[in-house]
Amino acid sequence: LGQPFSWRFATVSRIGQPGTPVKVFGRYPRHNDRGVPINAPITLAFTTDVDPASLSGDSVQVKPTSGGAPVAGKITVQGRRAVFRPEAPLEPNRTYEVQVGAGVKAMTGLASERASSWQFTTGDGPSEGPAITECWFESYPELAGLRIVFHVAAENLFKPGQEANKAARTAQMPGASG
């Protein structure tokens, strides 16, 4: 370019507003992540609060890309966030595909029109400690300038066999819910 070039733009988020289309907005593990702990939950953040009755083993499936049956697990929903927890740790060093079917409903009754999917690859084994499963920010104009608030959702990972201590360890972590 021979001269400086600039432009302005604005983005608008309809997340959480009435009439917002139902879509997967955020996910953990992220698309094409590698080295994911085999004991990590699969987390979905939707654009609006989701009807828990619309999420099931049929609408959210985790499958090895090499073939085989879907991974058995339990789905919990709280607001915009859904978490799939496998019944057993995933296989190490394997690629999985997460499939979210069309028809997931918002609390308003509006349903998603398209299916979505992504892949990730596990690492050598389990991990422990926090795993950041979602993050986002909000900005608010104030007299002194722009205020930016960052939010983080985290899950506490525990190695297989440590379930007996899970409640005690979670109680030690302020604000821990996972």
Just wondering, do [Y] and [X] contact through their side chains at under 4.5 Å, heavy atoms?
X    : Y    : result
F84  : Q61  : no
P41  : L157 : yes
M107 : S54  : no
D124 : N93  : yes
T48  : T108 : no
K23  : S116 : no

Side chain of [X], backbone of [Y]: donor and acceptor closer than 3.5 Å?
X    : Y    : result
S112 : G103 : yes
T122 : I38  : no
Y28  : A45  : no

_E97 side chain to S117 side chain, donor-acceptor N/O pair below 3.5 angstrom_ =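 On atom types as modelled, these side chains qualify, holding a pair under 3.5 Å.
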[X] [atom1] to [Y] [atom2] distance, which is reported to the nearest 0.5 Å:
X    : Y    : atom1 : atom2 : value
Q119 : N32  : CD    : CG    : 6.5 Å
L44  : F25  : CG    : CZ    : 13.0 Å
I42  : F120 : CD1   : CZ    : 4.5 Å
R27  : T43  : CZ    : OG1   : 12.0 Å

Over all atoms of both residues, closest heavy-atom pair of [X] and [Y]:
X    : Y    : result
L146 : P141 : CD1-N, 3.9 Å
A69  : P64  : O-CD, 3.6 Å
A111 : K105 : CB-CG, 3.9 Å

*Given the rule in the side-chain contact (heavy atoms from CB on, under 4.5 Å) test, do V50 and L55 qualify, once you have shown the distances and angles that lead to the verdict?*
CA-CA 8 Å; V50 176; L55 287 172; 3.7 Å; yes
I'd like to know if [Y] and [X] are part of one continuous hydrophobic network [Ile/Leu/Val/Met/Phe/Trp/Tyr, side-chain heavy atoms within less than 4.5 Å].
X    : Y   : value
V100 : V36 : yes
V60  : V77 : yes
W118 : F46 : yes
V104 : I75 : yes

*Got a sec: does the CZ of R30 have more than 12 other heavy atoms crowding it under 6.0 Å?*
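Counting neighbours around CZ of R30, more than 12 heavy atoms of other residues, nucleotides or ligands fall under 6.0 Å, so yes.
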